[in-house]
Amino acid sequence: MVNQKNLRERIFDLLMEREMSVSEIIRELGLDPSMRKEVFRIIESLGRIAKRKGMRVYVMPATCLSCGFTFRSLNPSKCPECRSERISEAKFIIK
């Protein structure tokens, strides 16, 4: 099992460098894809950490690649407008 504090710090550092999706973070850190929900939870907690450091976590929402619909959900599976499953992932960055 990955040390949670260390993983949180590594994700924080990655998001300070560049905008990334959860899949990109998992790939970059060599994590098991089954840790997707855990990575989402860690990103949510990074908002509080970033705020204490005078920064913010910015979210570029997921969008439908077929019709351009912008999702409120961070991890959608199907577009409510066109029913397409071609969806770009939400991306995160810390500034």
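In this chain, numbering begins with 1 at the start of the sequence shown. This structure is a prediction, so every number in the text was calculated from the model and none was measured.
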Among the clusters formed by ILVMFWY side chains lying less than 4.5 Å apart, do L74 and L65 turn up in the same one? no
Would you name the heavy atoms of I26 and R36 that are closest together and state the gap between them? CD1-CA, 3.8 Å
Taking R41 first and then E38, would you say they form a salt bridge - that is, a charged N and a carboxylate O separated by under 4.0 Å? yes
Between R8 and S45, does the side chain to side chain contact (heavy atoms under 4.5 Å, CB included) criterion hold? Intermediate values first, please. CA-CA 9 Å; R8 191 177 309 121; S45 74; 3.8 Å; yes
Under the criterion side-chain hydrogen bond (donor to acceptor under 3.5 Å, both in side chains), I'd like the reasoning laid out for S66 against R83: C-alpha separation, chi angles, the key distance, then a yes or no. CA-CA 9 Å; S66 295; R83 300 292 181 216; over 6 Å; no
Do K91 and Y58 meet the cation-pi criteria used here (NZ or CZ under 6.0 Å from the six-membered ring centre, within 45° of the axis)? no
Checking M16 against M55 for the side chain to side chain contact (heavy atoms under 4.5 Å, CB included) test, could you report, in this order, the C-alpha distance in whole Å, the side-chain angles of both residues, the deciding distance, and whether it holds? CA-CA 10 Å; M16 288 280 297; M55 296 179 247; 3.4 Å; yes
Provide the closest heavy-atom pair for F71 versus P80 in the form atom of the first, atom of the second, distance. CE2-CD, 3.6 Å
Side chain to side chain, F12 and I42, heavy atoms closer than 4.5 Å: no
Checking side-chain hydrogen bond (donor to acceptor under 3.5 Å, both in side chains) for the pair T63/T70: CA distance, chi angles, key distance, verdict? CA-CA 4 Å; T63 56; T70 301; over 6 Å; no
Quick one: does M60's side chain get under 4.5 Å of I93's, heavy atoms only? yes
Hey, could you give me the CZ/CZ distance between F92 and R18, rounded to the nearest 0.5 Å? 15.0 Å
What distance do E85 atom CD and S77 atom OG have between them, rounded to the nearest 0.5 Å? 7.0 Å
If you measure from CD1 on I87 to CG on N75, what distance do you get to the nearest 0.5 Å? 9.0 Å
Flag the pair P61 / R72 as yes when at least one side-chain heavy-atom distance between them is below 4.5 Å, and no otherwise. no
Is there a side-chain contact between N6 and E9, using heavy atoms and a 4.5 Å cut-off? yes
Just how far is it from atom NZ of K53 to atom CD1 of I94, taken to the nearest 0.5 Å? 8.5 Å
Would L46 end up clustered with L29 when hydrophobic side chains under 4.5 Å apart are linked, directly or stepwise? yes
Quick one: does any side-chain atom of E17 pair with a main-chain N or O of L14 as donor and acceptor, under 3.5 Å? no
When you compare the side chain of C67 with that of S84, does any pair of heavy atoms fall below 4.5 Å? no
Going by side chain to side chain contact (heavy atoms under 4.5 Å, CB included), M20 matches just one of E89, E28, R27. Which one? E28
